[in-house]
Structures are given as C-alpha cells and as structure tokens.
Amino acid sequence: MAVQGIPIIDFHLHFQIENDAATRDLAGGQFHCADHDELAERRRREQVAEQSRRWRRAWDFPDPKPDAERGWESEADLWLAELDRYQIAHAAFVTGCGDERVGQLVARAPERFSGMANLTDLTAPDAAERLEHAVTVLGLRGLKLFAPLLPHRIDDPAADPVWRVAARHDIPVLIHFGHCGSSGGIAHNAHIEPAWLEPVAKRHPGVTFVVPHFGVQHVQQMLFLCWACPNVCVDTSGSNQWVRWMPYRLTLEDLFRRCYETIGPDRIIFGSDSSWFPRGYCYRYLADQMRICHEMNMPEPDLHRIFGGNAARLLGISSALEGST
C-alpha cells in the first residue's frame, strides 16, 4: 500500500472531532463576551460560522455533519475505508475524545492506527502518571499538547516529570504553537510561541519534540528553535492557509524549502490534519505536498523519509512500512 511507490504514514489526524467537546471549544465555543451580552455573543458566533463557511467553500469542503447515531466503532471503520481508498499505510490520531477512546481505536486496528495521549496541564500532580498509563496500558505512542491552551508556559520546570516519562518510553511529543482552533479561535496569548520550548528541549535531549503546521505564524522562531535544538522536528499538517496572513510573501513551497535547507529531510514529518466527515481524508494536502517536494527535485530516499520513514521511526512502527511494500 503506497502512493507513488512511497508507503505513507500520516502523523497527524483527529478522531471524532465533531463530537469532542474540547475540540469544539478550540473552534471558538469557549470564548464569551466579557459583559455576558447574549445578543453580542450570538452575533459573534454567527460571524465565526460565516467565516468557517467561506473557508470550506474556498477549499470545496462539505459542511461537517455530525451523526448522533454513529458510534466510535462505525467512525473507526470509516477511517479504515478512507485509508484504503487513498492507499495510506498508517495513520496517527493525535486527539480523539480522550485517551481511553484513542486506546480503543488503536486496539481495533493496530496495524493501521496509532494514537497519542493528551494532557491539559503538565504541572498537575498526576500528569506524569497519566502519561505513563496511556503508554504502558492503553498502547499510545506519543503525546499531543496545545501550548496556547495550557494553564502554564511550556517551559515550566514543574512539567519535567512528564518529559522524563516521554524520554523513558522514547515517544514523540507533538506541541501545537501559534494560532489555535478554527475561525474564532486563539490568535495570541502568553503561551503561544515556540521559542519557549528551547530550554525544555535542551534540558531533555532524549525527547523528540515535533512542532506541527510548520510552526504556524512563528516561522522564524521555529527555524531558530530547530537550529538550536537537534531534537526538534516539524510536521507539515493542515491547509497551512495562515501563510496568506504573514507580512511577507510566504508559500507552502517556501516552507518546505526553508525547512529542508535548515534541518534536512530527517526532521520533516508529513501530516494531513484530517479530522471530520463527510470531508474524510484530506488527500489534496498530501498531493500538494508531494508535488512540491518533487518540484524541488528531492531524491527518492528523502521523499520516503518525509512521507513515512520519519513517522515510522518516531512512532516505533517500522513494521507498518514493511507491510506496505
């Protein structure tokens, strides 16, 4: 199972996103008008919904249609069918209605699915214990964090027990920096910048940290962070539409070229950020990224690393590549 002869391992998908209360909050539902004016809040939600509709129309994506009757098993089967349809060898789900549910998803098809744990407070007394449970009992292979949503900065020393668990089990830590959520989400706060990760990555060289979406709006910080910390990687996931909002010209090809020149093919990891139905798997993101890499004349071994090999190494699933050739 391969695309253009390359076994694809997608490092970044979301499971049951339309039913996930935490994910709905990321889309703007957690933000209320300061004066609790219900009319103003309703108006804000209407404006946000219209922005989201315009984005889906521009990308020719259907509206999400939550199915109240669809259980998680049915959605798992839908994802398996999508992976087969687009010849995707393996998919890593970074969120999915809690660690227990993601563990159930992985157990349903371990040869096709991997999952990551989620923590909302790295400084909580039981944070390290929860991650240990997710890895050793639930079979999860990574940790996903949303830095803008944490109650503390990512460099808080109280989080060190969590980093030690990640190092001991050799699991990657995927940390979202930059604007968070869909239309109406968080554009900026004190925790949002990837530069805060530098002291953590240097204190814990045994942990591989991955910054998704090319660092979103913090491209310069992300590149300098990768230069300073060899254990920091980048994932390519999402539409990356944010490039249009930068104060200078920036394209998806620019992002690939700058990362490729700065950190090389071993630290760039493909992801699609696929999330909801009926849109399903975002093959167009994969196709665009592969086209750009081909146009950059990347050698074949580098393509294999970026679109599968690097993810297989980080997730400890080399068998997924072997079973796809």
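Heavy-atom basis, side chains included; hydrogens, waters and symmetry copies ignored.
Separation of the Trp242 and Phe214 ring centroids does not fall under the 6.0 Å cut-off. Centroid-to-centroid, the aromatic rings of His179 and Trp245 come within less than 6.0 Å.
A distance-only check finds a donor-acceptor pair linking the side chain of Asp10 to the backbone of Ser272 [under 3.5 Å]. Under the 3.5 Å distance criterion, the side-chain polar atoms of Ser274 are left unmatched by any main-chain donor or acceptor of Leu13. Here the side chain of His218 pairs no donor or acceptor atom with the backbone of Pro194 at under 3.5 angstrom. When atom types are taken as modelled, the side chain of Asp63 and the backbone of Arg53 share no donor-acceptor pair closer than 3.5 angstrom. Put simply, the side chain of Asp273 never gets that close to the backbone of Ser239: no donor and acceptor are under 3.5 Å apart. Listed for the Asn310 side chain is a donor-acceptor partner under 3.5 Å among the backbone atoms of Pro265. Between the side chain of Glu82 and the main chain of Tyr281, a donor-acceptor pair closer than 3.5 Å is present. Counting only distance, with no hydrogens or angles, the side chain of Glu75 and the backbone of Gln16 share a donor-acceptor pair below 3.5 Å. Counting only distance, with no hydrogens or angles, the side chain of Arg141 and the backbone of Leu315 share a donor-acceptor pair below 3.5 Å. For the pair His90 (side chain) and Glu111 (backbone), a donor-acceptor distance under 3.5 Å is present.
Residue-environment remark: CH2 (Trp196) stays at or below the threshold of 12 foreign heavy atoms within 6.0 Å. By the 6.0 Å contact criterion, CD on Glu73 is enclosed, its count of non-hydrogen atoms from other residues, nucleotides or ligands being greater than 12. Annotation: Glu129, atom CD; neighbour count of heavy atoms from other residues, nucleotides and ligands within 6.0 Å does not exceed 12.
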Practice problem: Determine, step by step, whether Gln221 and Leu225 satisfy the side chain to side chain contact (heavy atoms under 4.5 Å, CB included) criterion, reporting the C-alpha distance in whole Å, the side-chain angles of both residues, the deciding distance to 0.1 Å, and the verdict. | Solution: CA-CA 6 Å; Gln221 283 192 20; Leu225 174 65; 6.0 Å; no
Quiz item: Where do Trp79 and Phe113 land on the ring pair (Phe, Tyr, Trp, His ring centres under 6.0 Å) test, with the steps shown first?
Solution: CA-CA 9 Å; Trp79 279 117; Phe113 296 151; 8.3 Å; no
Quiz item: For Asp156 and Arg153, what are the C-alpha separation, side-chain angles and deciding distance, and is it a salt bridge (charged side-chain N to carboxylate O under 4.0 Å, His left out)?
Solution: CA-CA 6 Å; Asp156 192 318; Arg153 247 176 33 194; over 6 Å; no
Quiz prompt | From CA spacing to verdict: salt bridge (charged side-chain N to carboxylate O under 4.0 Å, His left out), Glu38, Arg42 | solution = CA-CA 6 Å; Glu38 292 185 7; Arg42 185 165 64 250; 5.5 Å; no
Exercise. Apply side chain to side chain contact (heavy atoms under 4.5 Å, CB included) to the pair Arg54 and Glu50, showing each step before the final yes or no.
Key: CA-CA 6 Å; Arg54 288 201 301 269; Glu50 177 56 29; 3.2 Å; yes
Practice problem: Kindly indicate, with the supporting measurements, whether the criterion side chain to side chain contact (heavy atoms under 4.5 Å, CB included) is fulfilled by Leu250 and Arg258. | Solution: CA-CA 11 Å; Leu250 188 68; Arg258 292 179 188 185; 3.8 Å; yes
Quiz item: Checking side chain to side chain contact (heavy atoms under 4.5 Å, CB included) for the pair Ile175/Leu197: CA distance, chi angles, key distance, verdict?
Solution: CA-CA 9 Å; Ile175 309 177; Leu197 183 60; 3.9 Å; yes
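In terms of heavy atoms, Gly5 sits closest to Ala2 at C-CB, 3.8 Å. In terms of heavy-atom proximity, Pro151 sits nearest to Thr120 at CD-O, 3.1 Å. The shortest heavy-atom contact between Gly178 and Pro148 is O-CG, 3.5 Å. Across every non-hydrogen atom of Asp99 and Ala117, the tightest pair is OD1-CA, 3.4 Å. In this structure, Ala187 and Ile192 approach most closely via the heavy-atom pair O-CD1, 3.5 Å. In plain terms, the two heavy atoms of Met222 and Cys259 that are nearest each other are CE-SG, 3.9 Å.
Between His176 and Phe146, the ring-plane angle classifies as tilted under the 30° and 60° cut-offs. Using the six-membered ring where Trp is involved, Trp55 and Trp59 have ring planes that are tilted, between 30° and 60° apart. Classification of the Phe270-Phe307 ring pair by plane angle, with boundaries at 30° and 60°, yields tilted.
For the pair Phe177/Leu145, no side-chain contact is recorded, criterion being any heavy-atom separation below 4.5 Å from C-beta on. Between His188 and Gln217 the shortest side-chain heavy-atom distance does not fall below 4.5 Å. Between Val162 and Leu143, the closest side-chain pair of non-hydrogen atoms falls below 4.5 Å. Contact check for Ile317 versus Ile9: side-chain heavy atoms found under the 4.5 Å cut-off. Inter-residue side-chain proximity for Met116 and Val102 is flagged as unmet; no heavy-atom pair is nearer than 4.5 Å. Side chains of Arg257 and Glu261 form a contact here, defined as non-hydrogen atoms less than 4.5 Å apart. Under the 4.5 Å side-chain criterion, counting only non-hydrogen atoms from C-beta, Asp235 is in contact with His12. Under the 4.5 Å side-chain criterion, counting only non-hydrogen atoms from C-beta, Leu174 is in contact with Phe11.
By the 6.0 Å and 45° rule, Arg279 stacks over the aromatic ring of Phe61. Cation-pi check for Arg267 over Tyr260 is not met; the charged atom does not lie both under 6.0 angstrom from the ring centroid and within 45 degrees of its normal.
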For residues 201-212, which side-chain N or O atoms pair as donor and acceptor with protein atoms under 3.5 Å away, sequence neighbours left out?
residue: Lys202; atom: NZ; partner: Glu198; partner atom: OE2; Å: 2.6
residue: Arg203; atom: NH2; partner: Asp160; partner atom: OD1; Å: 3.0
residue: His204; atom: NE2; partner: Asp160; partner atom: OD1; Å: 3.0

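For the atom pair Leu105 CG and Cys97 SG, the distance stands at 10.5 Å (nearest 0.5 Å). Expressed to the nearest 0.5 Å, how far CD1 of Ile88 lies from CD1 of Ile8 amounts to 5.5 Å. One distance of note links NE2 of His191 with SG of Cys180; it measures 13.0 Å at 0.5 Å rounding. In this structure, CG in Leu303 is found 10.0 Å from CZ in Arg305, a value given to the nearest 0.5 Å. In this structure, the separation between CG on Leu131 and NE2 on His133 is 11.0 Å, given to the nearest 0.5 Å. The CD atom of Gln4 sits 10.0 Å away from atom NE2 of His304, with the distance rounded to the nearest 0.5 Å.
Using a 3.5 Å distance cut-off with no hydrogens or angles, the side chains of Thr251 and Asp254 do pair a donor with an acceptor. With 3.5 Å as the limit, one finds no donor-acceptor pair spanning the side chains of Gln47 and Arg44.
Applying the side chain to side chain donor-acceptor pair (under 3.5 Å) rule to Asp121 yields the partners Thr123, His152; only residues at least two apart in sequence or on another chain are considered. In this view, Asp84 and Met1, Arg112 satisfy the side chain to side chain contact (heavy atoms under 4.5 Å, CB included) rule, not counting sequence neighbours.
Considering Leu314, Val234, Thr236 in turn, Leu314 is the only one that fulfils the side chain to side chain contact (heavy atoms under 4.5 Å, CB included) rule with Ile269.
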